[in-house]
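These numbers come from the heavy atoms of this one structure, side chains and all, not from hydrogens, waters or symmetry mates. Chain letters run A, B, ... following the sequence lines, proteins first and then strands; every chain starts at 1.
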Amino acid sequence: MLDIRLIRKDPEGVRRNIMKRHREAYLQYFERLLSVDTELRKKMSELEAKRAEHNKITRLIAQQLKQGPPQASETQNMAAKLSSDIGEMEKVVEALRVERDRLLKLVPNLLDDTTPDGLDETANVVVRSVGDKPVFDFEPKSHVDLITQLDLADLDRAAKIAGSRFYFLKGDLVLLDLAILRFALDRLVEKGFTPVFPPEMMRREAYEGVTPLQDFEDTMYKIEGEDLYLIATSEHPLVAMHMDETFEPEELPLKYAGISVNFRKEAGAHGKDTKGIFRVHNFNKVEQVVFCRPEDSPKHLEELLSNAEEIFRALEVPYRVVEICSGDISPKNAKQYDVEAWMPAQLTYREVVSTSNCTSYQAVSLNIKYRLRHGSAEKDYVHTLNSTAVATPRALVAILENHQQRDGVVKIPRALTPYMNGRTEIAPKAKPT
RNA sequence: GCUGGGGUCUCCUAGCCUGGCAGGGAGCGGGCUUGCUAAGCCCGUGGUCCAUGUGGCCGCGCGGGUUCAAAUCCCGCCCCCAGCGCCA
């Protein structure tokens, strides 16, 4: 969420920024927030004055009782009256505070000045296209046909026991999945990232700090009867792990490479990508997470993007980088890039990476700060950034489709050969003649 | 899961039994003193509010309750430690 103090200090500036998202609802939340917050502060002042009065009397009672019990009863009656007044006022203030916080969480992050303006995804800006699209002298097969033909996954039996959007991954595709994850992890470790296996469930309180409320409805799975949610990405536990902490300046930037399973309901995606393993309920992902000083976050955003691009170049998958416009960007992001891989069977680019600068939006919710100078009392919120390094079902789809040969063989990218025990291709099983 | 012990400001710790403004130490930062890279002294080192001051309010794992008053008493929950149980 935004820092309420910033909103109080410059409501007009915040309003102008929110308008750039072209969503009437955001503005309504914001205007309502301003009035509720004003009312809250007024009521709080009154409450605190009353408490101050009550505290004085309470101290008086303590003194009187030292001198002798009989003197205290009259003052105690006054204190009791004040105490019940305070109880009433507290209820009012608490209701206002709950409403203020609810609205505050609904107001989106301030956009970076460089985020392109636009109404929806059609206004996203292609920054660059990298790699040559493969030229086939045959009709390229979809990944669905390839995994069926090569016996690399079983979708029907997965549906039987778990439902749609689940899969049994099999044989060489399992080895390739692990190879990709390990390859990506190694590249990040070389760059100073600390690899982390995080908890794959989180409590609601911590979770609310890293993701919009709407995600509890349409993204996250809840464990029945427990205050636990399956993580939708390792970004969530990795960012939340430092809640209520203050970093010394020399500890920043802090870089993690999270590796985990990701669970997503994909509610609202009915009918999209229903076949194959492109859009699924659980998948593996290596994620980059950075905590840094505010002035460094634009630089780190470019680094995270560059790291992800490096991995897709090594996988020999053609891609383009897209800058997400103000109407399409996630509410928690100030600036966002997507990397989209070329999918030859669909003749289109599909999202495989999302790189985000959340600036202080998550840090404010989670109360993550740093000292401006070592030992100094002055603190400010850190910035958090996250980016996919690689997510495997989608990377597998890209590799299968881009590296397929006429004879049904799929070439393994050279960079992965060492991670595949020297293997260079995935071939159909020899059929008995 | 059971039994017992615990969670206090950045860290350590006192206070809890017996309710009355959370005290001490260390580290860190700033200042002063001094012949030096020693030693000493003073201030600061949770959050928040606006009327910005010798100010108020809140804060002792979280949430309730009792009371004029709760770190302290009562209830529920979370987490840590030890032992037992279970277990890949």
Side-chain angles (χ1 to χ4, degrees), chain A residues 1-11 33-101 104 197-209 222-229 237 240-252 254 261 291 360 363-382:
Chain A
M1 61 191 176
L2 294 180
D3 187 346
I4 188 70
R5 283 168 295 188
L6 175 72
I7 293 174
R8 288 170 189 158
K9 210 170 113 191
D10 182 22
L33 171 64
L34 287 183
S35 76
V36 170
D37 184 57
T38 304
E39 180 68 5
L40 170 65
R41 283 189 292 166
K42 182 170 157 249
K43 295 289 184 193
M44 264 176 55
S45 294
E46 292 170 15
L47 170 62
E48 284 175 11
K50 194 68 94 175
R51 276 181 179 154
E53 204 181 328
H54 180 253
N55 286 344
K56 268 186 206 155
I57 292 200
T58 290
R59 283 173 215 135
L60 182 62
I61 291 169
Q63 284 192 346
Q64 288 177 337
L65 286 174
K66 272 183 205 162
Q67 291 156 13
Q71 299 176 51
S73 66
E74 179 62 18
T75 354
Q76 281 187 13
N77 289 340
M78 284 168 60
K81 172 72 172 68
L82 279 172
S83 188
S84 87
D85 289 352
I86 287 169
E88 294 301 308
M89 293 167 86
E90 279 174 340
K91 279 179 201 157
V92 172
V93 165
E94 188 51 29
L96 284 167
R97 188 193 311 280
V98 166
E99 177 65 0
R100 196 268 312 265
D101 289 348
L104 190 53
F197 274 131
E200 285 171 349
M201 301 178 201
M202 282 171 65
R203 292 206 199 104
R204 174 102 189 191
E205 189 204 357
Y207 223 137
E208 282 191 3
K222 187 178 192 309
I223 304 296
E224 192 177 357
E226 310 226 18
D227 178 26
L228 286 173
Y229 294 81
M241 73 188 280
H242 289 294
M243 75 187 278
D244 295 322
E245 292 183 25
T246 299
F247 295 111
E248 295 298 335
E250 68 272 14
E251 292 179 281
L252 301 175
L254 187 58
V261 185
F291 296 82
S360 60
V364 170
S365 307
L366 291 168
N367 189 30
I368 306 175
K369 298 179 174 176
Y370 75 105
R371 292 183 198 284
L372 299 193
R373 286 173 307 284
H374 188 93
S376 147
E378 268 189 289
K379 296 175 184 176
D380 192 11
Y381 292 106
V382 298

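The side chain of Ser45(A) lies closest to C49(B) when the candidates are C49(B), C78(B), G20(B). Of the candidate nucleotides G47(B), C68(B), C79(B), G47(B) has the atom lying nearest to any side-chain atom of Lys369(A). Nearest to the side chain of Lys379(A), among C57(B), G47(B), C68(B), sits G47(B). When each of A69(B), C57(B), U48(B) is scored by its nearest atom to the side-chain atoms of Met44(A), the top-ranked nucleotide is U48(B). Checking C49(B), C57(B), C68(B) against the side-chain heavy atoms of His54(A) singles out C68(B) as nearest. Looking at the side chain of Ile61(A), the nearest of the listed nucleotides G56(B), C68(B), C58(B) is C68(B).
Shown are Lys43(A), Lys50(A), Arg97(A), Arg51(A); of these, the salt bridge (Lys or Arg N to Asp or Glu O under 4.0 Å) with Glu90(A) is made only by Arg51(A). When each of Asp37(A), Thr38(A), Asp3(A) is paired with Arg8(A), the side-chain hydrogen bond (donor to acceptor under 3.5 Å, both in side chains) condition holds for Asp37(A) and for no other.
In this structure, Glu205(A) places its CD atom where only 12 or fewer heavy-atom neighbours from other residues, nucleotides or ligands lie under 6.0 Å away.
Within the model, atoms CD of Gln63(A) and OG1 of Thr58(A) stand 12.0 Å from one another, a figure rounded to the nearest 0.5 Å. Taken from CG in Leu254(A) to CZ in Phe247(A), the straight-line distance is 5.0 Å, to the nearest 0.5 Å.
Rounded to an integer number of Å, the gap from Leu47(A) CG to U48(B) C1' is 13 Å. Counting to the nearest Å, the P atom of C68(B) and the CD atom of Gln76(A) are 7 Å from each other. Atom CD of Glu245(A) and atom P of G47(B) are 15 Å apart (whole Å). Here the C1' atom of nucleotide C50(B) and the CZ atom of Arg5(A) are 14 Å apart, to the nearest Å.
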- Message: Assess the residue pair Gln76(A) and Ile61(A) against the criterion (side chain to side chain contact (heavy atoms under 4.5 Å, CB included)); give the C-alpha distance rounded to whole Å, side-chain angles, the decisive distance to 0.1 Å, and a yes or no.
- Response: CA-CA 7 Å; Gln76(A) 281 187 13; Ile61(A) 291 169; 3.8 Å; yes
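In this structure, Asn55(A) reaches the C57(B) phosphate: one of its side-chain N or O atoms is under 4.0 Å from OP1 or OP2. For the pair Ser83(A) and A69(B), the criterion of a side-chain N or O lying under 4.0 Å from OP1 or OP2 is met.
As judged by a 4.0 angstrom heavy-atom cut-off over every strand, Arg97(A) is placed among residues making no nucleic acid contact.
For Lys56(A) and Ala62(A), each mapped to the nucleotide of RNA chain B holding its nearest heavy atom, the one lying further toward the 5' end belongs to Ala62(A).
A search for side-chain contact (heavy atoms from CB on, under 4.5 Å) contacts involving Ala240(A) returns Met202(A), Ala206(A), Val210(A), Leu366(A), not counting sequence neighbours.
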- Fill in the dot-bracket string of RNA chain B, one character per base: . for unpaired, | for a pair to another strand, ( ) or [ ] for pairs within the strand, taking Watson-Crick or G-U pairs under 3.5 Å. ((((((((.[[[[.)....(..]]]]((((((.......))))))(((((..).))))..[[[[[..)....]]]]])))))))....
